[in-house]
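Whatever order the structure lists ligands and atoms in, that order sets their numbers, starting from 1.
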Amino acid sequence: MLREVGWVEKRGEDSMYTNYETLRVEKKKGILWVYLNRPDKLNVFNMKMLKELSDVMDKVEEDQEVKCVVITGEGEKAFCSGADLGLLSKLDSQGALELSEIGQRLMKKIESLRVPVIAAINGYALGGGFELALACDFRIAAENTQLGNPEVKLGIIPGWGATQRLARIIGLSRAMEFLMFGDRISASEALDMGLVHKVVPQEKLREEVMSLAERIVEGPTIAQGLIKRVLIFGSQVPLDVGLELEKHAFSTVFSTEDAKEGLRAFLSKRKPEFKGK
Ligand code: COA
C-alpha cells in the first residue's frame with residue numbers, strides 16, 4: 001500500500017532481492033527462499049549478513065507478492081553455525097552490547113514480519129543460528145541437524161534472544177538445562193521437546209518445506225499475519241491485554257476481502273480462493 005501511494009520508492013521487481021554478498025534469494029509463486037550463503041564457514045553471521053538479512057525483511061514488508069518466507073542454509077552441512085567467533089573474540093563490553101542490539105532487532109523483525117517465516121534447518125543450527133530459527137514461526141529440521149546454544153562453553157551467554165524465546169517455547173526447566181550446559185541436541189530430541197515442528201530426511205527437506213509454504217500461500221495472508229502477531233505479542237502481556245489485542249485484530253480482519261471470500265465460499269459450499277487482500 002505505501003508503495004502504491006508513493007510513500008515507498010518503487011523498485012524493479014527483478015532487482016529487488018539481488019546483489020547480496022552473503023545471501024542468495026529466490027522468489028517463486030509467493031514464496032521467498034532466503035539462503036544464508038557462506039557454506040565454507042557453515043553460514044556463520046558476519047555484520048554484512050546481519051545487514052543483508054535485515055534488508056530482505058524490510059523489502060518483504062513492502063512486497064505484497066511475498067506470502068511466505070523460508071530461511072535456510074546453503075550447502076548440506078549447516079543452517080547457520082552462529083556468530084563469527086573470530087569477530088566475537090575482539091569485542092569489548094560496549095561492542096557486545098551493540099552486537100546484541102543489532103541481532104535482537106533482526107530477530108524481532110523476523111518474528112513480527114507480516115507473513116509466516118519457516119526455518120528449513122538443513123544441518124547445524126548453533127548459537128545465533130539457533131536463535132534465528134527460534135525467531136521463525138515454523139521449524140522443519142533435516143534428520144542430520146544438530147541444534148544448540150553452546151555459548152556457555154565459551155564462557156559467554158546467548159545475546160540474540162535465546163534466553164527469552166527458548167523458555168517460551170519449551171518451558172523454563174528444559175531451557176535452563178539447555179542453556180546452562182550448552183550441549184547440542186539431535187533433531188529427534190528437538191522434536192520430542194516441541195522445539196521443531198517436523199523432522200524429515202535431508203533429501204526431503206525442500207519438498208516438505210515447499211508443501212508447508214504452499215499451504216501458507218493459499219491461505220488468507222492478512223489473517224495469518226494477525227494470528228502470528230497476536231499469538232507472539234499476546235504471550236508477552238497479561239491475559240486482559242492479549243484479549244484486547246485479539247479483539248482489535250478480529251475486528252481488523254473483517255475489513256479484508258479474504259474474510260468476505262472465506263465466509264461466502266463456506267455458505268456456497270465451495271473452496272475459498274484467497275487473494276491475500
Ligand atoms: N565462527 C567462526 N567460524 C566458524 C564458526 C563460527 N561460529 N563455525 C564454524 N566456523 C568455521 C570453522 O572455523 C571452519 O573454518 P576454516 O575452514 O577456515 O577453518 C569452517 O567454518 C568449517 O567448520 P569446521 O569446524 O571445520 O567443521 P566441523 O564439521 O569440524 O565442525 C562445528 C562443525 C559446528 C561443530 C564447529 O565448527 C563448531 O563448533 N563451530 C562453532 C559453533 C559455535 O560455537 N557457535 C556459536 C557461536 S556464538
Can you pull out the closest protein heavy atom to [atom]? Residue, atom name and distance to 0.1 Å, please.
atom	result
atom 44 (O) of ligand 1	Pro150 CG, 3.4 Å
atom 45 (N) of ligand 1	Ser81 O, 2.9 Å
atom 14 (C) of ligand 1	Asp40 O, 4.6 Å
atom 3 (N) of ligand 1	Val44 CG1, 4.2 Å

For this session: From the options Leu85, Asn149, Leu126, Asp84, select the one whose nearest heavy atom is closest to atom 47 (C) of ligand 1.
Result: Leu85
Exercise. When you measure from atom 7 (N) of ligand 1 to each heavy atom in Gly182, Gly82, Ala83, Ala78, which option holds the nearest one?
Worked result: Ala83
Got a protein heavy atom sitting under 4.0 Å from [atom]?
atom	value
atom 40 (N) of ligand 1	yes
atom 5 (C) of ligand 1	yes
atom 27 (O) of ligand 1	yes
atom 12 (C) of ligand 1	no
atom 19 (O) of ligand 1	no
atom 24 (P) of ligand 1	no
atom 36 (C) of ligand 1	no

Could you list the donor-acceptor pairs under 3.5 angstrom formed by side chains in residues 86-97, with sequence neighbours left out?
{"unit_1": "Ser89", "atom_1": "OG", "unit_2": "Gly86", "atom_2": "O", "d": "2.7"}
{"unit_1": "Asp92", "atom_1": "OD1", "unit_2": "Gln94", "atom_2": "N", "d": "3.3"}
{"unit_1": "Asp92", "atom_1": "OD1", "unit_2": "Gly95", "atom_2": "N", "d": "2.8"}
{"unit_1": "Gln94", "atom_1": "NE2", "unit_2": "Glu98", "atom_2": "OE2", "d": "3.1"}

For this session: Fit a plane to each ring of Phe45 and Trp160, take the angle between them on a 0 to 90° scale, and name the class: parallel (under 30°), tilted (30 to 60°) or perpendicular (over 60°).
Result: perpendicular
For this session: Using the test side chain to side chain contact (heavy atoms under 4.5 Å, CB included), find all partners of Lys260 that sit at least two apart in sequence or belong to another chain.
Result: Arg264
For this session: Answer yes or no: is there an ion pair linking Lys59 with Glu61, defined by an N-O contact shorter than 4.0 Å?
Result: no
For this session: Tell me yes or no: between the side chains of Lys277 and Thr256, is some donor less than 3.5 Å from an acceptor?
Result: no
Problem set entry | Check: Asp63/Tyr17 side-chain N/O donor and acceptor closer than 3.5 Å | yes
Exercise. Within 45° of the ring axis of Trp33 and under 6.0 Å from its six-membered ring centre, is that where the NZ or CZ of Arg206 lies?
Worked result: yes
Short N or O distance, [X] and ligand 1, threshold 3.5 Å exclusive:
X	result
Lys41	yes
Arg184	no
Tyr124	no

Exercise. Is the closest heavy-atom distance from Lys77 to ligand 1 below 4.0 Å?
Worked result: yes
